[in-house]
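Here is the structure we will look at.
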Amino acid sequence: MPRILTEHTKSLVRATVPALAEHGTAITAAMYARLFQNEEVKALFNQSNQGGEGRQTHALAHAILAYAQNIDNLDVLTAAVERISQKHVSLRILPEHYPHVAAALLAAIKDVLGDAATDEILAAWGEAYWFLADILMGREATIYTEQAAADGGWNGWRDFVVESKQRESALITSFVLRPADGGPVSRHQPGQYITLLAPIPGKSPQRRNYSISSGPNGKTYRITVKREQQGLVSSYLHDRVQEGSTVSLAPPAGDFVLARCTKRPIVLLSGGVGLTPMVSMLESAVEDGISAPLLYVHAARHGDVHAMGVHVRTLAESHPDIKAAVFYTSPRITDEQGKHYDHHGRIDIDWLSSNTPITEADFYLCGPEAFLLAMVGGLEAKGVATDRIHYEFFGPTVELSL
Ligand SMILES: Cc1cc2nc3c(=O)[nH]c(=O)nc-3n(C[C@H](O)[C@H](O)[C@H](O)COP(=O)(O)OP(=O)(O)OC[C@H]3O[C@@H](n4cnc5c(N)ncnc54)[C@H](O)[C@@H]3O)c2cc1C
Ligand code: HEM
């Protein structure tokens, strides 16, 4: 039976909004401290995203606050529910994990609010938590079922063999992955990511999302990985994984996907390794044929760290409706304008305004947080509606729209 939130429960939850707004981050930090006492649950989380100022702390605080603020109109949370569910499924979060968060959250509210968190308020939050948890678990169950039912699909971890490993730049390397069982793979939606489970000595296996950088082909996935300084999994992939190695993957997930039903022009905007979902979108646009102009705009520091430049140019030249523009912020003496890059400097909103169909295009963005902040803010300031701006974070999502 679906749970129902009574008016009384809702009014108690609403009454805690100011306290949550004030203490939301403290509550979620206290919640994680409790949650991570359980090693099995702790292993589900990327610990680099945690800590007092960890971005996951803020993402969950934001979600809880948004939930309490919208308790009378949960429809506004539909997009957030989809994003969270896709992320949870990618990381193999299951119904059996939810009671751990419930117990940790209610105890954390008590820790931080003290006597203000009466038994009645805690009971109301317990009901409200399970109401939201049911929505998430329901959507997650559907996604798990769809993943398994898709042609070439699966659930859980599946072994893949590294068919090729290719250096794309000084910092970025691609891996083409084919199922060890010889079967097909599900056709991902361009923009989606897989999750890789990496055995790291002395630690529990680490889960990391990687956007698929190839178009859907039913046989393999390509991921394209930047070496992060002291990054556990990226270093493992760069240093220890070779052609012929085996890695474990969870199926494609994610809601940052190229909308295929629109005739609007498409602008793909990326910075650094944020190009990976864009290259997948570009490959699929070339493969399937597109019915609208597509502009790929990419920023890199210089030629040494510019990945897949020749591949993208070749794709763009293969189709009259596709154009590419590359910006180098600090070109090297060996970088030739017109050959390796087109523009010197950062991607600039005024340049976008003059060189893209800004009043009608759908914009897809991925890159470092500062890049996304500048681009999303700039596009909104130019009047681009938020439903035409789609972005992906390579970490816990931060809400960028005003
Ligand atoms: C949807 C999605 C798609 C992604 N797609 C891609 C992709 O296509 N290509 C790609 O390269 N990456 C991608 N990522 C990022 C990827 O998932 C990993 O986060 C990335 O590879 C780094 O992981 P790591 O294990 O190497 O680094 P981690 O060990 O997780 O460390 C990350 C960084 O934090 C620092 N760090 C770690 N612990 C601490 C600490 N306690 N205090 C301070 N600093 C610390 C490390 O030095 C490092 O620089 C994606 C992420 C998401 C969410
Ligand atoms: C009602 C309950 C829950 C809510 C509201 C919630 C909310 C969120 C939000 C907002 C994010 C960030 C999504 C993004 O970056 O796009 C997230 C990610 C995540 N959640 Fe949950 N969650 C809930 C339950 C759980 C449970 C039960 C678990 C497992 C014990 C869990 C594990 C995770 C993990 C591992 C991530 C990814 C963290 C990262 O990127 O480092 N969540 N969740």
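Just follow the structure's listing: the first ligand is 1, and inside any ligand the first atom is 1.
- Only the side chain of R83 comes within 4.0 Å of ligand 2, counting heavy atoms alone; its backbone N, CA, C and O stay farther away.
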- Query: Could you go step by step and tell me if R208 and E228 meet the salt bridge (Lys or Arg N to Asp or Glu O under 4.0 Å) rule?
  - Reply: CA-CA 13 Å; R208 296 289 185 276; E228 296 292 347; over 6 Å; no

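- Under 4.0 Å is where a charged nitrogen must lie from a carboxylate oxygen, and between E163 and R178 at least one such pair does.
- With salt bridges taken as basic N to acidic carboxylate O contacts below 4.0 Å, none links D151 and R187.
- Around ligand 1, the residues contributing at least one heavy atom under 4.0 Å from the ligand are N46, S48, K87, Y193, R208, N209, Y210, S211, T224, V225, K226, E228, Q229, Q230, G231, L232, V233, S234, V273, T276, E392, F393, F394, G395.
- In terms of polar-atom proximity, defined here as any N/O pair under 3.5 Å, K87 makes no such contact with ligand 2.
- By the 6.0 Å and 45° rule, K87 stacks over the aromatic ring of Y193.
- Shown here for L5 and K10, the closest heavy-atom pair between the two residues is O-CE, 3.7 Å.
- Looking at T9 and T6, their side chains do bring a donor and an acceptor atom within 3.5 Å of each other.
- Between H88 and ligand 2, a contact under 3.5 Å exists for at least one N or O pair.
- Under the 4.0 angstrom criterion for non-hydrogen atoms, H100 is not in contact with ligand 2.
- Taking 4.0 Å as the cut-off between side-chain N and carboxylate O, K110 and D119 do not count as a salt-bridged pair.
- Of the listed residues (I84, L132, N209), the one carrying the non-hydrogen atom nearest atom 10 (C) of ligand 2 is I84.
- Aromatic rings from H340 and H302 are positioned such that their centres are separated by 6.0 Å or more.
- With hydrogens and angles left out, the side-chain atoms of Y221 and S186 include a donor and acceptor closer than 3.5 Å.
- Short contacts between ligand 2 and L136, defined as distances under 4.0 Å to a heavy atom of the residue, involve ligand atoms 1 (C), 2 (C), 3 (C), 4 (C).
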